Protein chains: 2
Amino acid sequence: MQQNSNFSRRKNNCSSCSLRESCLPVGLEEDEINAINFLINRSCKIRRGSYLYQAGMDFQSLYIVRSGFFKTYVLHEDGREQVTGFHMPGEMLGLEAISTDVHTCHAVALENSEICKIPFTRLEEIGRVIPSLMHHFHKIMSREIAHNHEAIASLGGMKARERLIALLLNLSNRFAKLGHSSSNFSLCMTREEIGSYLGLKLETVSRAFSKLQNDGLIKINSKSVQLNNISWLKQSKLGNYNVAKEIIEGTELQ
Amino acid sequence: MQQNSNFSRRKNNCSSCSLRESCLPVGLEEDEINAINFLINRSCKIRRGSYLYQAGMDFQSLYIVRSGFFKTYVLHEDGREQVTGFHMPGEMLGLEAISTDVHTCHAVALENSEICKIPFTRLEEIGRVIPSLMHHFHKIMSREIAHNHEAIASLGGMKARERLIALLLNLSNRFAKLGHSSSNFSLCMTREEIGSYLGLKLETVSRAFSKLQNDGLIKINSKSVQLNNISWLKQSKLGNYNVAKEIIEGTELQ
DNA sequence: TCGAAAATTTGGTCCAGATCAAAATAAAAC
DNA sequence: GTTTTATTTTGATCTGGACCAAATTTTCGA
């Protein structure tokens, strides 16, 4: 079988693949580990700016981001791009395509990235013999749904400033989970992409950043952001701006 | 076993349950049919206004709407209600809770409804021996994700009028799939709930309805809607209002 | 069936964010 | 390193939809 040869050749080339490393329950048998290695040991590099998949393409595989950063987007009927998500290492892409066997959005690397490819049919097969793997997959899909609900709530109920703060806090959490700093990170998307995701124009995003910086809540230098105090930000997001301001003025920033 | 007695007692009381009826691949063995009956033969009635589940409750089961109509919503930190979806017969509720084993949103019946309860652990067990059932479940979750992407795109990139048209067309499709009229149906949510879902205030929703009616695209009578011509609506949603208007004025409406 | 409460419509005012414009930076190509 | 191109910032104006208010209609409980 062609897959068997792949398996032996690529046995160890996907060591940071998070499906195995950080998400699976421990206590698996060696056979099971081998099966999972077989499943996920197909990694490849995607250069900044290239597509992992495009809307309309046949669905075969899911992907886990190993390193780098992706955005997904759909096109409005008039051709405008609508960003539907940003995706960091450890996160899964392609889930929306299972229902129709066709991808319904575009996935582009925002920086040079690596992904693990997971043939979906095989995931279902192996999941049948490793229930904890299947259950884990269900959690991943569910998390995606929960996360979408948050995005809908953000778009539907918040003002520009609040949406931007919500995004910053969300990214901060996700970086923290990867073991990176939760207060200093680099945005690898443009203001326009942020705006598209948040339902705002790029000028509004830029102004909101400037305002947050003037208020002493963040520091921005083009792509790099520093969150001065995450709990102030949370306060400020609640519209409880005066509280945040008092705290700020009462303490560090003169 | 208590479930076995349930099973025999309720053998045939879930005949319209769509997981079995309209969604499963045909060609199952009798054993498999029995297993699925066992899985889904737990129906119950939910009165208009009562909760199917609430945020914070432990997750045990998924639910399929058999009849009626539900909304799901989350609460913003300040207590405002943010509607995250409307749910019609055949659709599944509770998917967002798998990831944390806790429900993260509230589900309320908007009219007297019936649901099938599906214990999730059992779904995973039976899915292991009936792969087509499991695959079907994956498609359902995936469809939910794809649908959320649409909602995000609608909120992020459309104006009030377009969002409302998008919702009407979406409901129209879903009613059609249930075998109901795609052009005449009854909204069982309030303007405020529509507004919350679409990121608009109720007054804006009301004005948008009035405007669409004046333009001859729809007819509304409090809760009941009639779509005069679905392709005009689609045109009009594309911002191509003049085309729609020309068509309208050139034909039926004087 | 009637009266109270809830939902909807419609009118007016105001403001957050869109849009238009132009300068200032940063990134990419040569 | 220099030019070119893309991105970001900032300013000025305009507008869609929020917000406030009141009249009207619908729904529902007694």
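The structure displayed is predicted, hence computed values, not measured ones. We use all heavy atoms of the structure for the numbers below, so side chains are in, but hydrogens, waters and symmetry mates are not. Proteins get letters first, then strands, A, B, ... in listed order; numbering begins at 1 in each.
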>> Applying salt bridge (charged side-chain N to carboxylate O under 4.0 Å, His left out), can you list everything that pairs with B:E193, at least two apart in sequence or on another chain?
In response: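 B:K71.
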>> I need the A:I118 CD1 to A:Y63 OH distance, nearest 0.5 Å.
In response: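 Rounded to the nearest 0.5 Å, the CD1-OH separation comes out at 10.5 Å.
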>> To the closest 0.5 Å, what do you measure between CD1 (B:I140) and CE (B:M92)?
In response: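 Output value for this atom pair is 4.0 Å.
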Detail all sub-3.5 Å separations between protein N/O atoms and N/O atoms belonging to nucleotides 1-6 of chain D.
none

> Rounded to the Å, how far apart are B:E162 CD and D:dG16 C1'?
Replying inline: 12 Å
> Would you say the side chains of B:T72 and B:H87 form a donor-acceptor pair under 3.5 Å?
Replying inline: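 Judged by distance alone, the side chains do pair up.
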> With no hydrogens and no angle check, do the side chains of B:Q226 and B:N228 hold a donor and an acceptor under 3.5 Å apart?
Replying inline: yes
> If only side-chain N and O atoms of A:S206 are considered, is one of them under 4.0 Å from the OP1 or OP2 phosphate oxygen of D:dT10?
Replying inline: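 For A:S206, the contact criterion (side-chain N or O under 4.0 Å from OP1 or OP2 of D:dT10) is not met.
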> Quick one: does B:R163 reach the base of D:dG17 with a side-chain donor-acceptor pair under 3.5 Å?
Replying inline: no
> Does the base of C:dG11 carry an N or O that pairs as donor and acceptor with the side chain of B:R207 under 3.5 Å?
Replying inline: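 It does, because a donor-acceptor pair links the side chain of B:R207 to the base of C:dG11 below 3.5 Å.
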>> Using a 3.5 Å distance criterion without hydrogens, assess whether the side chain of A:N112 forms a donor-acceptor pair with backbone atoms of A:R48.
In response: yes
> Do A:S113 side-chain atoms and A:E111 backbone N/O form a donor-acceptor pair below 3.5 Å?
Replying inline: yes
Under 3.5 Å, side-chain donor or acceptor atoms of residues 148-158 of chain B against the rest of the protein: list the pairs with distances, not counting sequence neighbours.
none

>> Of the options D:dT8, C:dT9, C:dT10, whose atoms approach the side-chain atoms of A:R191 most closely?
In response: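 Selected nucleotide: D:dT8.
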>> Let's see if you get this right: which residues in residues 196-205 of chain A place a heavy atom under 4.0 Å from DNA chain C?
In response: A:G199, A:L200, A:K201, A:E203, A:T204
Polar pairs (N or O, both sides) under 3.5 Å between protein and nucleotides 24-30 of chain D?
{"unit_1": "D:dC28", "atom_1": "OP1", "unit_2": "B:R48", "atom_2": "NH2", "d": "3.1"}

> If you fit an axis to the five pairs at each end of the helix from C:dT1-D:dA30 to C:dC30-D:dG1, how big is the angle between those two axes, to 10 degrees?
Replying inline: 70°
